[in-house]
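Heads up, the thing below is written out as structure tokens.
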Amino acid sequence: MKVRKAVLPVAGWGTRFLPATKSMPKEMFPLIDKPIVQFIVEELLSVGIDNIIFVTGRHKRAIEDHFDFNPDLENHLQQAGKENLLEDLKNLSALINPIYVRQKTQKGLGHAVSVAETVVGNEPFVVALGDVVLEKPEENMKKLLGIFEEFKGSVIALTEVPPDQVSKYGVAKVKKLKGDVLIVEDLVEKPKPEEAPSNLAIVGRYLFTPSIFPCISETTPGKGGEIQLTDAIRLLLREEKVYAFKIEGKAYDTGNPLDYLKTLISFALRREDIGRDLREFIKTL
Ligand code: G1P
């Protein structure tokens with residue numbers, strides 16, 4: 001069955017970035033001139049997934065506006081002769097079919113995904129988190145879909161992190177299956193380094209069969225008192241095989257101020273228009 005839908009949880013408070021996130025969604029923070037959430041949407045569009053279900057909340061209006069047409073701005077760009085900018089803006093809004101559902105109370109990532117159940121229905125779907133932006137988005141999304149097509153089960157994307165960083169992520173215990181495809185044996189959400197089964201962290205790209213939904217309903221509050229998606233996947237493991245793979249390229253974290261800044265600088269240094277000047281400036285510091 002073709003994967004047509006993706007769920008993007010964007011309801012979080014962004015407390016690690018307060019006061020910047022008081023009225024501004026953290027997903028709208030820019031990596032230079034493009035908001036983080038747009039990178040995730042473009043990643044999904046690159047593999048033909050255009051039905052994008054945003055699990056949103058109060059104070060997230062800016063995200064809805066970002067993916068809508070903006071006739072005033074479009075007129076302005078037209079009159080100013082800024083055709084390229086105009087094209088880019090209009091294309092994005094035309095390509096995406098956004099669906100917004102509200103997570104009325106914030107009970108964790110697992111709960112956020114369950115809010116999309118009625119819209120997803122009985123079909124496989126992708127979950128993509130804005131906390132991480134991938135260096136090779138299309139390649140990794142293709143891999144996620146390819147493993148699903150071959151093995152017909154849920155798939156999670158992993159990346160190696162330094163052992164002292166595991167407590168920031170969901171961590172997987174895996175075995176080799178075939179080629180670079182792994183099979184998941186167990187998962188732990190944000191373990192202490194000494195309790196981690198490996199240093200393979202969940203990067204926030206998942207493909208689920210609809211069987212995940214009853215598992216989320218069964219999941220009791222875990223780390224931080226929240227309904228954790230990682231715990232729901234553990235329950236799924238009792239019934240179905242769950243596959244995994246190590247992503248190609250880097251995973252850039254945007255979920256906390258220091259990592260966001262490192263990501264921002266990495267992206268800026270790679271830009272043709274500003275990279276060289278920025279590098280020179282950094283040397284003078
Ligand atoms: C969430 C997931 C975690 C995953 C991480 C990736 O955590 O719960 O398993 O490794 O995203 O960014 P959060 O960063 O929302 O606390």
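Just so you know, residue 1 is the first one in the sequence shown, and it goes up from there. The structure presented is a predicted model; accordingly, all values stated were derived computationally and were not measured. Just so you know, ligand 1 is whichever comes first in the structure, and atom 1 is the first atom listed for that ligand.
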Determine, considering heavy atoms only, which of D131, L229, V166 sits nearest to atom 12 (O) of ligand 1.
-> D131
SB check K60 E27 (cutoff 4.0 Å) | yes
Looking only at distance, does G170 have an N or O less than 3.5 Å from an N or O of ligand 1?
-> yes
Would you say the ring centroid of Y243 lies under 6.0 angstrom from that of F148?
-> no
W13 and H59 aromatic ring geometry - parallel, tilted or perpendicular at 30°/60° bounds | parallel
Answer side chain, backbone, both or neither: which part of L129 comes under 4.0 Å from ligand 1, heavy atoms only.
-> side chain
Look at atom 9 (O) of ligand 1 and say which protein heavy atom is nearest, naming residue and atom and giving the distance to 0.1 Å.
-> E189 OE1, 2.7 Å
With a cut-off of 4.0 Å, which atoms of ligand 1 are near a heavy atom of Q228?
-> 8 (O)
Starting from atom 13 (P) of ligand 1, find the nearest protein heavy-atom neighbour and note its residue, name and distance.
-> K190 NZ, 3.6 Å
May I ask you to decide if G108's main-chain N or O and E226's side chain share a donor-acceptor pair within less than 3.5 Å?
-> no
List for me each residue that meets salt bridge (Lys or Arg N to Asp or Glu O under 4.0 Å) alongside R279, sequence neighbours excluded, and say none if there are none.
-> none
With a cut-off of 4.0 Å, which atoms of ligand 1 are near a heavy atom of T230?
-> 9 (O)
N/O of R16 under 3.5 Å from N/O of ligand 1, yes or no?
-> no
Classify the ring geometry between F17 and Y260 as parallel (under 30°), tilted (30 to 60°) or perpendicular (over 60°).
-> perpendicular
Answer with side chain, backbone, both or neither: which part of I202 has a heavy atom less than 4.0 angstrom from an atom of ligand 1?
-> both
F125: ring-ring contact (aromatic ring centres under 6.0 Å, His included) partners, not counting sequence neighbours = F208, F213
